[in-house]
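Reading through the structure tokens given below for one structure.
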Amino acid sequence: MTYKAVFFDFDYTLGDATDAILAGFLHGLTLLGWPAPEREAVRRTVGQPLEVAYEGLTGDKDPAHQARFREAFASVARPMQANGVPLFPGAKELLRALHGAGVHVAVASTKQRPTLEEILAAHGLMETLDFVIGGDCVANMKPAPDCIFQGLARLGLGPGDVLFCGDTTIDAATAHAAGCDFAAVLNGTTPAGDFAAYPSVYIARDLPDLQAFLGL
């Protein structure tokens, strides 16, 4: 283990909030007059800012409609997520092993920070984290590297000190833009081949595989 810090995306990297996300999309889209979305179409948007996902599914570029969608989505999805989001096998063990090894650990996601903290606290994992950076904490969401730079500044570390772990090419592009190493975790909808265009130190089939790679 040579990294001083490991940062994680959340959705489809550490946890699976599909049910809550789908319910939020269903409510938000139908409220604005759009048809109910297909489950897989929604799953493929996970990791994108909500406004980008909304535009991708509907073609609607109107900022007012996007803002209304975000509000409607949050009114349904956030309470559901606060009541419980399952973690992927190995998530608790990996975070606790990193913390126990003295490695700085953070979550950097497009999800809102209060929602992330509620989910992680429900699993008793906040004590393993140095901090959580949500999409509401940065000026520019991923793939802009703001979340990683903010985390590095808080820890007083450089890009070479951190490994960023995520499930999408958005995460890979974020790590590349920040100049740090990236490890893919294949818990989501992105196949291993899609990461070929980005430098990755490892492509893990799951979180126990990632833990083994890190030697923990």
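Side-chain atoms are counted along with the backbone in the values below, which use heavy atoms only and exclude waters and symmetry mates. Predicted model, so just to flag it, every value in this text is computed and none were measured.
Between Leu155 and Asp130, the closest side-chain pair of non-hydrogen atoms falls below 4.5 Å. Looking at heavy atoms from C-beta onward, Thr115 lies out of side-chain contact with Phe10 at the 4.5 angstrom threshold. Using a 4.5 Å heavy-atom cutoff, the side chains of Gln81 and Lys111 are in contact. Side-chain contact between Leu207 and Leu87 is absent, with no heavy-atom pair separated by less than 4.5 Å. Taking 4.5 Å as the limit, some side-chain heavy atom of Pro114 sits within range of a side-chain heavy atom of Asp136.
No side-chain donor-acceptor contact under 3.5 Å links Asp194 to the backbone of Thr190.
In this pair, Tyr54 and Trp34 present their aromatic rings perpendicular. The plane angle is above 60°, beyond the 30 to 60° band. Ring geometry, Phe73 versus Phe25: the interplanar angle exceeds 60°, so the pair is classed perpendicular (tilted spans 30 to 60°).
With respect to the salt-bridge test (charged N to carboxylate O, under 4.0 angstrom), the residues Arg68 and Glu71 do not qualify.
With Leu22 as reference, Arg39 is the one residue of Met80, Glu38, Arg39 to meet the side chain to side chain contact (heavy atoms under 4.5 Å, CB included) rule.
In this structure, Glu93 places its CD atom where more than 12 heavy-atom neighbours from other residues, nucleotides or ligands lie under 6.0 Å away.
Pairs of residues two or more places apart, or lying in two chains, that qualify as salt bridge (charged side-chain N to carboxylate O under 4.0 Å, His left out) and include a residue from residues 151-171 are Lys142-Asp171.
Under the side chain to side chain donor-acceptor pair (under 3.5 Å) criterion, His176 pairs with no residue at all, not counting sequence neighbours.
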